[in-house]
Amino acid sequence: KNFIPASLANIDYPEALENEIAEALEVYRSNEQFICSFLITPILKTIWKKHRPKLNLWTGEFIKADEQLAGIPDFLISMLNEEQYQFLTPPLFVAIEAKKGEIDEAWGQCAAEMLACQKINNKSEITIFGAVTTGKVWEFGKLYQNMLTIHTIPYSVGELQKLLNILNYFFEEVEKQLPLVDITIILNTDE
């Protein structure tokens with residue numbers, strides 16, 4: 001199902017980002033460390049900087065909802081808790097998984113991460129967003145209550161403006177949900 005609006009406002013981004021992505025694509029390596037460091041991180045940081053007063057960007061953080069749902073998503077977006085900014089605190093809103101191979105196969109892992117985020121939040125009315133990417137190709141999904149919806153159109157990093165607009169849309173949707181949040185819950189990150 002297509003749930004991303006067809007028309008989104010263009011966001012401004014530095015020209016240096018386009019150059020950085022182009023350079024990374026010239027020497028593209030299909031390993032997750034390269035993909036995360038040189039393609040995903042610069043893109044996410046660009047959007048996150050616009051939303052930093054309210055949201056936090058995490059990478060490599062362990063999350064555990066229960067014995068079956070535990071792991072380390074490549075990237076997470078959470079609410080920014082200014083009193084405890086150095087700790088990952090619920091609610092968790094976005095899980096992003098980098099894959100060097102098949103995107104379709106990666107959706108199982110991303111869906112599990114999204115479900116873990118939902119369980120940790122303990123509020124099914126909070127929509128969890130997810131993305132799976134090779135760095136070059138991005139797909140997006142959302143989990144609301146018990147319904148996982150994957151947007152049927154993949155997006156290319158070659159259309160950087162469109163990709164940034166979509167990510168900005170997700171961050172905006174997350175910010176709209178902040179009134180649903182009880183910030184007193186602290187996430188246990190013990191492995």
Side-chain angles (χ1 to χ4, degrees), residues 4 11 13-52 55-65 68-78 86-88 92-118 120 128-143 148-171 174 187 189-191:
I4 298 171
I11 64 150
Y13 64 91
E15 185 179 322
L17 175 65
E18 207 163 289
N19 296 334
E20 187 175 352
I21 298 301
E23 289 172 0
L25 290 172
E26 285 177 18
V27 295
Y28 183 83
R29 293 182 197 92
S30 64
N31 72 52
E32 288 183 34
Q33 291 250 278
F34 180 87
I35 292 166
C36 287
S37 297
F38 295 100
L39 290 169
I40 300 171
T41 299
I43 290 169
L44 289 178
K45 278 178 42 182
T46 298
I47 302 302
W48 172 63
K49 286 178 183 179
K50 296 178 180 305
H51 299 272
R52 192 168 45 198
L55 301 175
N56 215 342
L57 174 64
W58 300 89
T59 183
E61 289 293 322
F62 178 78
I63 61 171
K64 182 176 182 180
Q68 286 78 35
L69 288 171
I72 303 174
D74 291 318
F75 297 91
L76 285 170
I77 307 299
S78 72
Q86 71 272 27
F87 297 108
L88 179 61
L92 308 177
F93 293 105
V94 181
I96 298 172
E97 188 61 32
K99 285 296 167 202
K100 61 183 178 180
E102 290 295 316
I103 280 191
D104 290 343
E105 295 171 11
W107 269 111
Q109 185 175 353
C110 187
E113 292 166 356
M114 293 166 72
L115 183 58
C117 290
Q118 185 182 64
I120 289 166
I128 308 297
F129 294 95
V132 173
T133 180
T134 64
K136 291 180 177 181
V137 176
W138 292 66
E139 289 187 1
F140 299 97
K142 68 177 182 176
L143 175 65
L148 174 64
T149 305
I150 298 175
H151 190 74
T152 58
I153 300 170
Y155 295 91
S156 166
V157 73
E159 297 177 284
L160 187 58
Q161 181 70 66
K162 186 179 280 189
L163 181 60
L164 291 168
N165 294 347
I166 291 167
L167 288 166
N168 188 62
Y169 163 75
F170 282 159
F171 277 65
V174 164
L187 175 63
T189 59
D190 296 336
E191 292 192 48

Between atom [atom1] of [X] and atom [atom2] of [Y], what is the distance when rounded to the nearest 0.5 Å?
X	Y	atom1	atom2	value
Phe129	Thr149	CZ	OG1	10.5 Å
Glu18	Tyr13	CD	OH	3.5 Å
Glu61	Leu76	CD	CG	8.0 Å
Asn165	Ile4	CG	CD1	11.0 Å
Leu115	Ile128	CG	CD1	9.5 Å
Phe170	Lys142	CZ	NZ	8.5 Å

- Could you tell me which residues satisfy side chain to side chain contact (heavy atoms under 4.5 Å, CB included) with Asn19, sequence neighbours excluded, listed by chain and number?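 Asn19 satisfies side chain to side chain contact (heavy atoms under 4.5 Å, CB included) with Glu15 only.
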- Listed by chain and number, what are the side chain to side chain contact (heavy atoms under 4.5 Å, CB included) partners of Thr152, not counting sequence neighbours?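 Listed in chain order: Asn2.
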- Item | Steps toward side-chain contact (heavy atoms from CB on, under 4.5 Å) verdict (Leu57, Ile47) | CA-CA 10 Å; Leu57 174 64; Ile47 302 302; over 6 Å; no
- Task: Heavy atoms only: give me the nearest Leu92-Ser78 pair and the separation to one decimal.
- Result: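 Result for this residue pair: CD2-CB, 3.8 Å.
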- Query: What are the two closest heavy atoms between Phe171 and Leu55, and how far apart are they?
  - Reply: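 Taking Phe171 first and Leu55 second, the nearest heavy atoms are CD2-CD1, 3.6 Å.
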- Task: Taking ring pair (Phe, Tyr, Trp, His ring centres under 6.0 Å) as the test, write out the residues that go with Phe75, two or more places apart.
- Result: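 Here no residue qualifies.
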- Query: Which residues satisfy the ring pair (Phe, Tyr, Trp, His ring centres under 6.0 Å) test with Phe93, sequence neighbours excluded?
  - Reply: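 Expected list: none.
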- Query: Does Leu164 offer a backbone N or O that forms a donor-acceptor pair with the side chain of Asn168 under 3.5 Å?
  - Reply: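 Judged by distance alone, no pair lies under 3.5 Å.
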- Is it true that atom NZ of Lys162 has more than 12 heavy atoms of other residues, nucleotides or ligands lying nearer than 6.0 Å?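 No - once you tally the heavy atoms of other residues, nucleotides and ligands closer than 6.0 Å, there are 12 at most.
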Got a list of side-chain donor-acceptor pairs under 3.5 Å for residues 20-28, not counting sequence neighbours?
from	atom 1	to	atom 2	distance (Å)
Tyr28	OH	Thr134	O	2.7

- Task: Kindly indicate whether the side chain of Thr41, heavy atoms from C-beta on, has any atom under 4.5 Å from the side chain of Thr59.
- Result: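 A side-chain contact is absent here, since even the closest heavy-atom pair is not under 4.5 Å.
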Using distance only, find each side-chain donor-acceptor pair of residues 106-113 under 3.5 Å and give its atom names and separation, not counting sequence neighbours.
from	atom 1	to	atom 2	distance (Å)
Trp107	NE1	Glu139	OE1	2.8
Gln109	OE1	Lys99	NZ	2.9
Gln109	NE2	Glu97	OE2	3.2

Under 3.5 Å, which donor-acceptor pairs link side chains of residues 153-160 to any protein atom two or more places apart or in another chain?
from	atom 1	to	atom 2	distance (Å)
Tyr155	OH	His151	NE2	3.0
Ser156	OG	Gly158	N	2.8

- Sequence-distant partners of Tyr169, side chain to side chain donor-acceptor pair (under 3.5 Å), two or more places apart: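 Residues passing side chain to side chain donor-acceptor pair (under 3.5 Å) with Tyr169: none at all.
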- Message: As a test of understanding, state which of Leu39, Val132, Leu167 forms a side chain to side chain contact (heavy atoms under 4.5 Å, CB included) with Trp138.
- Response: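 The option that passes is Leu167.
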